[in-house]
Amino acid sequence: MQYDVAAIIQGYAQGYFLMANDDDEDLGWYTSRQRALIPLDERFRYPRSLQRVLNQNRFSIAVNRDFSAVVDGCANRETTWISEELQEIYHVLYHAGYAYSFETWQGDKLAGGVLGLVIGGAFIGESMFYRIPEGSKVAMVKLVQHLRERNFLLFDAQMNNPHLERFGAYVITQKEYKKLLTKALGRNCSLK
């Protein structure tokens with residue numbers, strides 16, 4: 001199937017995101033009156049227990065070392081919004097230079113990762129997963145450091161949940177989000 005990469009990126013650039021309904025796998029564009037962001041400033045935090053894990057340097061970090069495995073890991077849930085078609089789209093966006101996997105590794109084993117899209121200075125987080133305990137949490141902390149170093153303005157987590165709140169995630173209105181997104185799109189940032 002052919003996908004219009006420019007149209008997909010334009011949808012995300014306007015504040016929408018793709019999601020499949022778990023029941024029928026129909027893919028659609030969604031937006032939300034409120035958007036969850038992971039702070040890239042001093043509001044970012046994480047559990048103290050995670051600091052011990054970080055100090056032990058048990059995980060190494062990679063970008064796009066195994067993109068397919070991260071997509072599979074993110075989609076491999078009892079209920080998922082990542083249909084087969086959406087997985088295909090992520091791969092098309094990956095080959096076009098927009099989709100990325102930010103990964104943690106323990107030796108030669110993929111420990112966890114965050115799947116997202118990069119448009120300008122915005123990192124739009126699509127999903128995360130882990131295979132080894134703490135793998136995705138370490139990926140989150142290291143990704144925030146990485147985004148800061150590369151001058152990103154926005155880390156969009158789309159929808160808030162208690163897990164993300166442990167990292168300082170907060171919610172803004174759609175209007176505030178669009179203003180911030182427009183500003184972020186004006187930056188030329190790279191994840192690699």
Q) Just wondering, are more than 12 heavy atoms of other shown residues or ligands nearer than 6.0 Å to CG in N188? A) no
Close side-chain approach of [X] and [Y], heavy atoms under 4.5 Å:
X: N64; Y: Y94; answer: yes
X: Y3; Y: E85; answer: yes
X: T31; Y: Q174; answer: yes
X: L191; Y: L147; answer: yes
X: F59; Y: I132; answer: yes
X: M128; Y: L115; answer: no
X: R33; Y: T173; answer: no
X: L27; Y: I89; answer: yes

Q.
Side chains of S127 and R77: any donor to acceptor distance under 3.5 Å?
A. yes
Rounded to the nearest 0.5 Å, what separates atom [atom1] in [X] from atom [atom2] in [Y]?
X: S136; Y: L143; atom1: OG; atom2: CG; result: 11.5 Å
X: Q34; Y: E176; atom1: CD; atom2: CD; result: 9.5 Å
X: M140; Y: I38; atom1: CE; atom2: CD1; result: 4.0 Å
X: L93; Y: I8; atom1: CG; atom2: CD1; result: 5.0 Å
X: D72; Y: Q87; atom1: CG; atom2: CD; result: 6.0 Å
X: I9; Y: D4; atom1: CD1; atom2: CG; result: 10.0 Å

Q) Is there a side-chain contact (heavy atoms from CB on, under 4.5 Å) between I61 and E103 once you walk through the steps? A) CA-CA 6 Å; I61 301 300; E103 310 153 1; over 6 Å; no
Give a yes or no on whether [X] and [Y] share a hydrophobic cluster (residues Ile, Leu, Val, Met, Phe, Trp, Tyr; joining criterion: side-chain heavy atoms under 4.5 Å apart).
X: I124; Y: L185; value: yes
X: L181; Y: V118; value: no
X: L86; Y: Y30; value: yes
X: Y98; Y: F102; value: no
X: V138; Y: W105; value: no

Q. Of the non-hydrogen atoms in A69 and L110, which two are nearest, and what is the gap between them?
A. CB-CD2, 3.6 Å
(Q) Walk me through whether F44 and V141 qualify under side-chain contact (heavy atoms from CB on, under 4.5 Å). (A) CA-CA 9 Å; F44 180 74; V141 172; 4.1 Å; yes
Q: Indicate the ring-plane relationship of H91 and F67, choosing parallel, tilted or perpendicular according to the 30° and 60° boundaries.
A: perpendicular
Q: Kindly determine whether M159 and M19 satisfy side-chain contact (heavy atoms from CB on, under 4.5 Å), including the steps that lead there.
A: CA-CA 12 Å; M159 295 180 202; M19 226 167 84; 3.9 Å; yes
(Q) Does this structure show an ion pair linking E134 with K137, if we count only N-O contacts that are shorter than 4.0 Å? (A) yes
(Q) Suppose we screen for ring-ring contact (aromatic ring centres under 6.0 Å, His included). Which residues come up paired with Y90, at least two apart in sequence or across chains? (A) none
Q: Please check if the side chain of T104 supplies one atom and the backbone of G112 the other of a donor-acceptor pair under 3.5 Å.
A: yes
Q: Check whether any side-chain N or O of R148 sits under 3.5 Å from a backbone N or O of L40 as a donor-acceptor pair, and report yes or no.
A: yes
Q: Would you check if the distance from the ring center of Y12 to the ring center of W29 is below 6.0 Å?
A: yes
Q | Pair F152 and H146, ring centroids less than 6.0 Å apart | A | no
**Q.** Criterion side-chain hydrogen bond (donor to acceptor under 3.5 Å, both in side chains) on S32 and Q158, from CA distance to verdict
**A.** CA-CA 8 Å; S32 174; Q158 296 176 354; over 6 Å; no
Q. Under the criterion side-chain contact (heavy atoms from CB on, under 4.5 Å), which of V114, D156, L154 is the partner of F123?
A. V114
Mind listing the side-chain donor-acceptor pairs of residues 161-171 below 3.5 Å, one per line with the distance, residues two or more places apart or on another chain?
| unit_1 | atom_1 | unit_2 | atom_2 | d |
| --- | --- | --- | --- | --- |
| N161 | OD1 | H163 | N | 3.0 |
| N161 | OD1 | L164 | N | 2.8 |
| E165 | OE2 | N160 | ND2 | 3.1 |
| Y170 | OH | R43 | NH2 | 3.3 |

Q) Which is it for F155 and L37 under the side-chain contact (heavy atoms from CB on, under 4.5 Å) test, yes or no, and what are the steps along the way? A) CA-CA 6 Å; F155 184 166; L37 302 183; over 6 Å; no
